[in-house]
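Data first, discussion second: the structure below is written as structure tokens.
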Amino acid sequence: MESKIRAKWQKATMLKRIFIPMFVLVLIESILFFGVIFYNNILSQMEQNTRDIFDSKVVNRSHELENMMVNQWSNLETEAADIQSIISDLAAANKVNPADLDDNVGDSHVILEHVSDNVVSILRNHRVTGAYVFLCSNMGKDCGKESLPGLYISDSNVENDNSITNSDLMIRRGSKSLVEKMGIATDSDWEPNITLRGSNLKEFQEVYDNYHQLQNDTKDIKDLGYWMPMMQMGNDYVVSYVLPIQYRGKVIGVLGIEVSHEYLKSLLNYLELDSDAKGAYSLILENNGKYIDILTNNSYFAVDFKSGDQLTIHQNGDHKYLMQNHDRVALSMEKINLYNNNTPYEKQQWHLSGMMKEDDLLAFTSQIKVVLLYAIIGSLIIGLILSILLSLWISRPVISLANSVRNMTFKDKISIERTKIIEIDQLIDAIEKTGNNAIDAVARFTKIIRLANTQLEGFELDYGKGQLYVTDDFFSAFGLQVDVNQLSIEKFSQLLHQFSDCCRPSNSKSANEYIFNLDVNGKNIYLRLRYIDDEVNRKYYGLVEEVSELMRERQLIEYERDHDVLTGLINRRAYQRQMKRLFTIEAASIKIGALLMLDLDNLKMVNDKYGHEYGDIYIQKAADLFRSLSPEGTIISRISGDEFNLFLYGYESRLELHERIERFWQELTKASVTMPNQQQIHIQVSGGVAWYPDDSRDFNTLQKYSDFAMYSVKHSLKGKIGDFSARDYRNDVFMIKRKSELSRILEENAFTYYFQPIVSTVDGEIYAYEALMRTVNSTLKNPAEIIEIAKMESKLYLIEKITMSNSLKRFHDLIEEGKVPRGMKLFVNSIANQRLSDEEVRSIEEQYGEILPNLVMELTENEELNEEYIAYKKRILQSWNSSLALDDYGSGYNSGRNLLFLNPDYVKIDIDIIRDIDKDMDKRTIVKDTITYCHERGKYVIAEGIETIAELKTVVGMDVDYIQGYLTGRPSPQPQGIYKEIKSEIVNCHRPSLLD
């Protein structure tokens, strides 16, 4: 019998083996739990400890704040004495009369000029956000406000000491002459005088009165110092400390510092009260039993407790609190001792208060209460510990199972010995079934993968060990029969490099991914090569995959992206891209061209009368007519709902093209579309024509002109087509406004210049800066537009004069300030058909002769080249030992001729050729030919408009000399350095690539 029970127990379920011991453990833990309940006063002690910790944090912070306010910020006696000494010296020298400043503002300005350095010193030495001085012999009692001569300087960044340049200081109040003398920038709300009004005025009047009443009762001027809690300067509130400035026993002004409320908030780190930002610090002013909130630095509380609000503080035993809605907010108030006893302001008490909702402050104690109510759950932890011990008791069969599974080979059917534990034996059954199914699935998948059409091949190049690992059919994917067992790393690279002409970088974010387009056995295929560059171990890992189907799907998506769904014509984006390419790379093929802007006049009527379905049919019919009636090669695009653009080009004469447009228009006016009621509606179109090159050689300008011509027709002869009229365009109101604006900025010389770095491709260092024109406070932002309007107004000479003078002056100043090395080159744009007068040239030589050898004058290829002026510029540049650059090369009509004619030292390739050069073989060919030509003749080539790493790597790999673009640095008023990451990319470009 006993043996039967033992056998039954040995074969029992795991539930039975664990349940009985766990039941005993739960009983033991329950007894322990009820014993803990009888402990007394634990929660009360925890609550008091929480409040004590909260109070100690407030005390520590109040001591730090008191030390700063008393010993650092308000310790102005020495500075006040210095200023009074300066005033006395000026009075002794009969330069000012301090006793009568109200009637003589000039004396006030003299004093302010002599004490201005003292005000700056106060800012630096006391590390405050502002310092000020104002002068007034008599503070009126009855006036509503006072406008006083003074100087008020603020520091935008107290923690950052820019004492050398004072670039962090701003003058908020001060006369214009004082601003010019100090050379410090003015704030946006600058005014020449300090204006006191309201409560600010009353408090300063009290400072005056207290001094005159108590000057004989005190020997320490600090006893008359006054802390103003909420002084308002503009829209800002500040805490201000002031001392009177006296002369012969009479107050003639005030010296003060200010600490902005925002800076005070930053010093009072409320996260130290509670890491979840549920606490806040508040400065509170107690005056005659009333409490005023000066500032609260956490928006969680600042919504209800605002600066200037009167606070109602409640008392609960030893604890103070406020009410926020229906919640109690616990307060811990600590007095800040700012004034000595028996001083005028001793009754005005400042307090630093920590505040936190009582629910949040005592959250932990409350949580303990809840935890204790459910502490019985803690018995589960003990149960888990004991279950571990129990698991050791039942672990032997589990370990046996693990060893059996570990030793399985998966070659044959799986068979595992049983443990005589029901649940584990069931698990073994499941393992055997799952494993055997997996073996069968693997076998089936192996057979299927052999039938797949997709080819995957891989390789590993180990330069450290000089070893190569390649799958057997790797080069079969490329259509080559190669014995990979006999390959070396060099031979592998040679074989792969022979496909470089068929290779381009992928559009993927991965830099190490390429697409090959090959003809293998008469079939066009695409292969994708991905590889990992393990620089540390000097290894490459790669995978080649056939992606022909994927590429065809992508090409289909690109077609749908670039074409209008309704008409099948190219959309606006594709049209812009094609025209950009045509007007840059293929400009020579345009010859005579015309840009037509067409608008369907009666589309709204069709939509309203027959519905949008027939409106779409109407649009499709019009698009089909445009396509069928236009000559071959015409670029046709649907720009918007009822607007179309047609560009006809390649004609030898304007007359021939004009006749072709006339035939097109005659056929178009005959066309009609059938409506639901069988009514025939003629397709009525209004159009405008802009001619290339007569109207403009620039695409954007032609677009603008054709649009202007079309809308001129629609507002006069709807249903017709009209040519662009430059005369009408110039007389347009918009152009009149632009001309007026140009006259203003020329008269005021409202130009500034930004500097963009030009970087060497050898070492990634900055070689030069280009000065780029910008306007100040003007709606004219685009330099090209400024040049265009100036050309119309015959003011190009002024633009040339201002550009050359201003850019050289600014660059000279930057060199003197040490912000630009003395040998740095400066590229300045010059208008090809303008020249400076001999007088202007002599003036430039006298002022900037030492930096003229740094000058590189840029001439834009799009401009008309005046041979006489070009010869004059070359002579001047030669006498200055300066250089010449051809800008925007490749964007003009006759680039080769211009290059030969100018014979420049530098050639800057146009941005439209550089953009996406990594994806365009034609662009790379143009650039390569240009580089070869220039290098053979000792000229330097600069690639403009570099914006991506791929473009950078491409042009550096083609041996361009310098690069310029947003990737290496944006234009900035202060010359900027190059990012370390970009410099590293440039240097790494010289490291051999896998495909080199």
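All residue numbers in this chain count up from 1 along the given sequence.
A cation-pi geometry, defined here as NZ or CZ lying under 6.0 Å from the six-membered ring centre and within 45° of its normal, holds between Arg835 and Tyr872.
Listed by chain and number, the residues in a ring-ring contact (aromatic ring centres under 6.0 Å, His included) with Tyr649 are Phe647 (sequence neighbours excluded). Looking at residues two or more places apart in sequence or on another chain, you find no ring-ring contact (aromatic ring centres under 6.0 Å, His included) involving Tyr754.
Aromatic ring centres of Tyr531 and Tyr541 lie farther apart than the 6.0 Å criterion allows. Ring to ring, Tyr540 and Phe459 are not that close: their centroids are 6.0 angstrom or more apart. Ring pair Phe583/Tyr692: centre-to-centre distance below 6.0 Å. Remark: aromatic rings of Tyr753 and Phe811 are distant, center separation not under 6.0 Å.
There is no side-chain donor-acceptor pair under 3.5 Å between Lys809 and Gln847. With hydrogens and angles left out, the side-chain atoms of Gln703 and Asp698 include no donor and acceptor closer than 3.5 Å. When only modelled atom types and interatomic distance are considered, Lys801 and Gln834 share no side-chain donor-acceptor pair under 3.5 Å. With 3.5 Å as the limit, one finds a donor-acceptor pair spanning the side chains of Ser830 and Glu800.
Using a 4.0 Å cut-off between charged nitrogen and carboxylate oxygen, Arg822 and Glu816 count as a salt-bridge pair. Ion pair Asp912/Arg581 not flagged as a salt bridge, since none of the NZ, NE, NH1 or NH2 atoms sits closer than 4.0 Å to an Asp/Glu carboxylate oxygen.
Across Tyr769, Tyr767, Tyr906, Tyr962, a single residue satisfies ring-ring contact (aromatic ring centres under 6.0 Å, His included) together with Phe827, and that is Tyr906.
Between Gly650 and Lys591, the shortest heavy-atom distance links the atoms O-CD, 3.9 Å.
In this structure, the separation between NZ on Lys953 and CG on Asp918 is 10.5 Å, given to the nearest 0.5 Å.
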Distance-only criterion, 3.5 Å: show the donor-acceptor pairs between side-chain atoms of residues 935-942 and protein atoms not counting sequence neighbours.
| residue | atom | partner | partner atom | Å |
| --- | --- | --- | --- | --- |
| His935 | NE2 | Asp961 | OD1 | 3.3 |
| His935 | NE2 | Asp961 | OD2 | 2.8 |
| Arg937 | NH1 | Tyr933 | O | 3.0 |
| Lys939 | NZ | Asn903 | OD1 | 2.3 |
| Lys939 | NZ | Pro904 | O | 3.0 |

